[in-house]
Structures are given as C-alpha cells and as structure tokens.
Trainee: 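Have a look at this one.
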There are 2 protein chains.
Amino acid sequence: MENQQPPNSANNAVGQPPGGGATFQPLYEQIKALITRSLVVGEWGPGELIPSEFELARRFGVSQGTVRKAIDALAAEFIVVRRQGKGTFVATHTAPTHQYRFLRIRADGADLDSAKHHPRTIFVGLQKAKADSSSAAKLALRLNQSVWVISRLLVFDDRPLIFDEIVLAQSGFPNLSMEKLVASRGSIYSFLETAYGTRMVRAEESIKAVGANKLAAKHLGVPVGTPLLSVDRVAYSYGDKPVEWRRGLCLTDGYSYYNDLA
Amino acid sequence: MENQQPPNSANNAVGQPPGGGATFQPLYEQIKALITRSLVVGEWGPGELIPSEFELARRFGVSQGTVRKAIDALAAEFIVVRRQGKGTFVATHTAPTHQYRFLRIRADGADLDSAKHHPRTIFVGLQKAKADSSSAAKLALRLNQSVWVISRLLVFDDRPLIFDEIVLAQSGFPNLSMEKLVASRGSIYSFLETAYGTRMVRAEESIKAVGANKLAAKHLGVPVGTPLLSVDRVAYSYGDKPVEWRRGLCLTDGYSYYNDLA
DNA sequence: GAGTGGTCTAGACCACACC
DNA sequence: GTGTGGTCTAGACCACTCT
C-alpha cells in the first residue's frame with residue numbers, strides 16, 4: 001500500500017494528538033464533538049442516515065475504531081441510533097417507540113416494555129406570555145422575553161391524568177398556533193422536531209407531592225387538595241441548550257412514575 | 001515470539017467463538033458473565049481489586065481488548081470501578097460518595113454534585129413478619145416466608161423527611177438486630193455489604209402522590225393528609241436477584257426527587 | 001521503573017440488510 | 001455480492017499511581 005501514514009501522524013483533521021496539549025482530550029472526544037457540531041448545524045436531520053464509519057474516518061483522518069468509539073458514545077446518549085447492516089441514523093422522537101421516550105408514567109400493572117398504550121393529547125390553550133424569573137432562569141432567557149405557554153391534558157384510557165403547562169421561547173418557535181398543535185397528533189417533541197428541526201436529547205426532572213389547585217382539579221376531575229405529582233422538567237437540545245420547561249400535575253390513581261436506578 | 005496462537009484458536013477457555021453457536025453471543029458477553037460469576041461467588045468482595053486486564057485475558061484465553069470490553073460493560077453498570085494506574089475494583093456502597101447512590105432526594109437549591117449533605121438515620125423499629133402476597137411477589141419469596149421489616153426515619157438538616165419501611169428476607173440476613181443497625185451508622189446498603197456481603201447493583205422505583213397516613217404523619221410531624229411522595233423500591237443484587245423491597249413516604253417541602261432522563 | 005488502565009491504529013472476519 | 005455495523009486480535013504508545 002502506498003502513502004501509508006504512521007499512527008498519529010500530523011495530517012490530522014482534528015486537534016492535538018494525545019499528549020500534545022496541555023489539557024488532554026482523547027481523539028474520540030474530539031471526533032464526537034465534530035459529529036455533534038454537524039448535528040447542531042443540521043448537516044444531517046433527525047431520522048437521516050449519517051456517513052459510514054469508514055467515510056467519517058477518512059474525513060477526519062483517523063482510524064475507523066476511533067470514529068466507532070465516538071459514535072458509541074453518541075449512541076449511548078440516544079443521539080444517534082445504530083442499525084447493523086444499514087448504517088447509523090440521527091435519533092428521532094417521531095418513531096412510535098420513541099415518541100414518549102421521556103414519559104415515565106405507566107399503568108400500575110403494566111409490563112414496562114409491552115402494553116405501554118400511549119396517551120391521547122387534548123390541547124387546552126396556547127398563550128403568549130413574558131418570561132418570569134423562574135422560566136427565564138431555567139431556559140436561559142432574559143426576563144420578560146416572549147414565550148409560549150401551552151396547556152394540555154394527557155388522557156390515559158379515557159381518564160385525564162396529567163395537566164401540563166409547557167413553556168417555550170417564542171424566538172425559537174415562531175408562528176406556533178393552536179391549529180398546528182392540534183394537527184400534529186402526537187407528542188410535542190415529535191412536532192418540534194418535524195416543524196422546527198429541534199430535537200430534545202435529554203431532560204432533568206424534579207418531583208414533588210402537592211395538593212391539586214383549582215385549575216388542575218377542574219381539568220383532572222378531582223377535588224381541590226387531592227395529592228398529585230408535580231413533575232418539573234427542563235429539556236435540552238444538542239449542546240445542553242435548555243429549550244423547554246414544563247410542569248406536569250399528575251394523578252397517580254392506578255398509575256405510577258417509574259424510574260430505574262443504576 | 002514462540003507459541004503464538006492464531007486468532008480465535010481452539011484453546012479458548014470460554015464457549016463458542018463468534019458464529020460457532022446457534023444463538024450467537026459475543027465473546028465479551030461471555031467474559032462479562034464469567035467475571036460476574038466470580039463476583040457472585042465472592043472471589044473478589046466489595047471494594048477489592050480484581051486481576052488486571054492482561055491477567056484476566058490470560059486466564060480466559062482471549063485478548064486484552066475483549067476483556068476490556070467486558071469490564072467496560074460492568075463499569076457502565078457501576079458493578080466495578082476503574083482507576084487508572086491502580087486497577088479495577090469491585091464497586092461498593094461504603095465510600096462516602098456512593099453511600100446514598102440510589103437516594104434521589106435533594107434540597108431544592110442544591111447543586112446536584114456538590115453540597116449533597118447526607119441525611120442522618122434514626123431507626124424506629126425492627127420486626128419479624130411473614131411475607132404477604134405483595135412482598136412475596138416483589139422479592140420472589142413464598143407466601144408467609146419470614147421477613148424483617150425495618151422502620152426508619154431519614155433526617156435532612158434536622159428535619160425528618162422520609163419514613164421508610166424496608167422488607168428483607170430473614171433467610172438472607174440472619175441475626176439482624178436493632179443494635180447492629182444502630183451501630184452501622186450509615187446507609188443500609190453499606191451495612192448489608194459489610195455484614196452479609198450482599199451488594200445492590202440496581203433498583204426500580206415507582207412513585208405515587210399520597211396523603212400522609214397517621215403513622216407517617218406522626219413521624220414526619222405533619223397533619224394527616226399532607227401530600228407525600230410514596231416511593232416504592234425493589235433493589236436487586238448480582239444476577240438480577242431481588243433482595244429488598246421498601247416503601248418510603250417523603251415530605252417534599254424544600255426538597256425534591258431528582259431524575260435525569262436520557 | 002514497573003504496572004495498570006486509556007487511547008489509537010490496522011487488519012481480519014462475522015452478522016445483517018439490500019440489491 | 002456489496003456495504004454497513006459488530007467482534008476480535010495484536011501491538012504500540014500515553015497517562016496515571018506507587019515504589
């Protein structure tokens with residue numbers, strides 16, 4: 001073979017080889033960052049096929065094994081999905097199995113894998129509002145910046161169980177309307193992905209037990225003061241950018257919030 | 001080098017090389033199972049150093065890279081912990097940072113990493129009981145099998161926040177006593193590890209919002225009916241063996257249950 | 001310096017999907 | 001068959017820890 005390059009040779013598309021810099025960062029981390037960057041700028045959209053490992057290896061001037069490690073890391077975070085024999089795809093919320101990936105509420109008897117009949121969504125309202133200190137902090141916005149507030153009800157087996165209020169910056173999601181939401185017929189995240197190209201990659205939740213307020217009591221059909229789960233969520237897109245803040249009030253009668261601790 | 005072996009040669013301590021069997025299982029999965037087996041039988045106890053990657057590779061007749069992949073998987077499940085330059089250790093709950101690894105309750109303002117001041121434990125009671133249908137199902141016991149029921153209070157910043165009732169099979173944990181529990185001065189899991197060699201590797205929780213019953217109200221110092229988190233947990237040891245079932249009733253006033261969704 | 005985990009490469013072959 | 005991801009090996013060198 002001609003033009004054989006020694007390992008870690010200088011014709012490297014990425015930064016310092018290991019040991020070369022003051023702050024050591026493995027090559028595969030750099031490759032991962034480069035691939036993430038391509039995802040951020042939209043070189044490959046949700047659901048699309050990304051180049052093969054060998055092709056990326058050629059592009060970045062590293063070995064296939066190194067690209068592999070980078071993609072392994074991305075796959076572990078569900079940012080991409082590998083499919084043997086087919087290729088590696090940008091992950092998406094539109095697939096039925098992943099539409100409610102972040103939803104941890106299940107019927108008590110239900111097997112965690114099968115029988116997860118998805119909820120039905122009823123949109124209650126869409127309002128323009130100004131970010132208060134709380135939502136500004138959680139979404140990294142300026143105070144009084146324009147936001148959308150979406151109210152909706154999640155109905156499981158014909159029982160309204162969750163009343164959600166969802167906050168999004170208007171700047172990131174222009175021309176939102178009740179019609180579009182209703183027409184989307186699926187999860188919010190699936191809609192944001194197809195309509196705006198924004199994909200949520202992870203979320204943080206913090207949960208409290210509260211008594212139902214008047215609004216929630218009305219929507220959920222229970223007396224004021226009924227114990228509910230209050231689930232606060234901040235959802236992040238690529239690069240840990242906070243995009244959505246929501247608070248769900250959830251009736252846990254016959255249903256529970258499931259969590260795996262590892 | 002003499003005695004060089006071709007790749008995938010027959011002198012293989014483990015089963016079929018890839019492609020050899022009807023149901024394909026990667027070599028590193030088999031190695032992982034072998035290492036897990038050694039953990040189950042106690043060849044290396046919690047906190048102990050396991051043999052180096054090269055040594056295990058020699059023992060199992062595979063390459064170091066394959067052992068590495070097996071250990072990677074175990075490390076991802078926090079079953080072992082790698083420490084560069086030192087070796088790989090069996091994970092433990094005794095280290096201060098890991099003592100309350102499964103505890104997801106944090107003060108509201110608290111940084112998730114720092115400032116996680118640990119709770120103080122007050123043991124309330126230890127009773128002998130018979131497994132009812134619920135605990136028998138969750139712990140894979142026979143009905144009426146003898147169990148321990150431990151009651152305790154977790155105190156955060158001088159405020160009692162969690163009232164736990166913990167169920168363990170007596171067969172697995174003989175000669176338990178209030179004195180030993182009180183003397184252990186730490187988390188239950190840390191105690192079970194040092195006293196019985198049983199290590200919890202993962203847990204499943206299911207959470208509801210409930211009103212405080214009389215017992216919980218008394219211990220937590222709140223009115224009956226106060227909204228509380230009811231956190232059910234089944235904890236598993238090596239090989240997905242269910243070992244502990246508990247129900248915690250938790251006051252979420254200034255504190256929340258945190259969860260990362262990925 | 002010796003030993004351990006961590007990274008990177010190169011090449012072989014297997015499993016799977018699509019043509 | 002061709003191309004993709006998946007597994008396995010072998011060897012080199014780096015980073016870290018302890019002696």
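In what follows, every chain begins at residue 1, and chains take the letters A, B, ... in the order their sequences are listed.
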Trainee: Calculate the interatomic distance between A:Ile71 atom CD1 and D:dT7 atom C1'; express it in whole Å.
Mentor: 16 Å
Trainee: May I ask you to evaluate whether B:Arg82 reaches the phosphate of C:dG6, defined as a side-chain N or O under 4.0 Å from OP1 or OP2?
Mentor: yes
Trainee: Round to a whole Å and report the spacing from CD of A:Gln25 to P of C:dG6.
Mentor: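 For the pair A:Gln25 CD and C:dG6 P, the rounded distance is 17 Å.
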Trainee: I'd like a list of close polar pairs between nucleotides 1-4 of chain C and the protein, N/O only, cut-off under 3.5 Å.
Mentor:
{"unit_1": "C:dG3", "atom_1": "N2", "unit_2": "B:Gly85", "atom_2": "O", "d": "3.0"}
{"unit_1": "C:dT4", "atom_1": "O2", "unit_2": "B:Gly85", "atom_2": "N", "d": "3.3"}

Trainee: Report yes if at least one side-chain N or O of B:Tyr28 is closer than 4.0 Å to OP1 or OP2 of D:dC8; otherwise report no.
Mentor: no
Trainee: List the residues meeting salt bridge (Lys or Arg N to Asp or Glu O under 4.0 Å) with B:Lys69, not counting sequence neighbours, and say none if there are none.
Mentor: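 By the salt bridge (Lys or Arg N to Asp or Glu O under 4.0 Å) rule, B:Lys69 matches no residue at all.
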Trainee: Does the side chain of A:Lys69 get closer than 4.0 angstrom to OP1 or OP2 of C:dC8 through an N or O atom?
Mentor: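 So the side-chain polar atoms of A:Lys69 never come under 4.0 Å of the phosphate oxygens OP1 or OP2 of C:dC8.
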Trainee: Could you tell me the separation between the CG atom of B:Asp72 and the P atom of C:dG5, rounded to a whole number of Å?
Mentor: 11 Å
Trainee: Atom CZ of A:Phe24 and atom P of C:dG6: how far apart are they, to the nearest Å?
Mentor: 11 Å
Trainee: Could you note down all residue pairs passing salt bridge (charged side-chain N to carboxylate O under 4.0 Å, His left out) where residues 83-92 of chain A supplies at least one of them, sequence neighbours left out?
Mentor: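 Qualifying pairs, neighbours excluded: none.
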Trainee: Between A:Asp108 and A:Ser256, is there a side-chain donor-acceptor contact under 3.5 Å, judged purely by atom types and distance?
Mentor: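 A pair is found: one side chain offers a donor N or O, the other an acceptor, under 3.5 Å apart.
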Trainee: Five pairs at each end of the helix from C:dG1-D:dC18 to C:dC18-D:dG1: take the axis at both ends and give me the angle between them to 10°.
Mentor: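 Both end axes considered, the difference amounts to 10°.
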Trainee: Heavy atoms from C-beta onward define the side chain here; which of D:dA10, C:dC8, C:dT7 lies closest to that of B:Arg68?
Mentor: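 Nearest nucleotide to the side chain: C:dT7.
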Trainee: Rounded to whole angstrom units, what separation is found between the CD atom of A:Gln64 and the P atom of D:dG3?
Mentor: 15 Å
Trainee: Could you pull out all residues at least two apart from A:Arg233 that satisfy salt bridge (Lys or Arg N to Asp or Glu O under 4.0 Å)?
Mentor: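 Testing A:Arg233 for salt bridge (Lys or Arg N to Asp or Glu O under 4.0 Å), a comparison that skips the adjacent residues, returns A:Glu205.
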Trainee: State which residues pass side chain to side chain donor-acceptor pair (under 3.5 Å) with B:Ser184; sequence neighbours excluded, sorted by chain then number.
Mentor: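 In terms of side chain to side chain donor-acceptor pair (under 3.5 Å), with neighbours along the sequence ignored, B:Ser184 is linked to no residue.
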Trainee: Going by the rule side chain to side chain donor-acceptor pair (under 3.5 Å), which residues pair with B:Arg202 if we only count those two or more places apart in sequence or in a different chain?
Mentor: B:Glu204, B:Asp240
Trainee: Nearest whole angstrom, please: distance from the P of C:dG5 to the CG of B:Leu56.
Mentor: 8 Å
Trainee: Is atom NZ of B:Lys241 surrounded by more than 12 heavy atoms (other residues, nucleotides or ligands) closer than 6.0 Å?
Mentor: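 Incorrect, the count does not exceed 12.
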Trainee: With A:Glu53, which residues qualify under salt bridge (Lys or Arg N to Asp or Glu O under 4.0 Å), at least two apart?
Mentor: A:Arg68, A:Arg82
Trainee: Rounded to the nearest Å, what distance is computed from the CD1 atom of residue B:Ile31 to the P atom of nucleotide D:dT7?
Mentor: 14 Å
Trainee: According to salt bridge (charged side-chain N to carboxylate O under 4.0 Å, His left out), does anything in residues 33-52 of chain B pair up with another residue at least two apart or in another chain? List the pairs.
Mentor: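 As it turns out, the salt bridge (charged side-chain N to carboxylate O under 4.0 Å, His left out) pairs with a partner in residues 33-52 of chain B, which skip direct neighbours, are B:Glu43-B:Arg59.
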Trainee: Among C:dT9, C:dC8, D:dC8, which nucleotide has an atom closest to any side-chain atom of A:Leu27?
Mentor: C:dC8
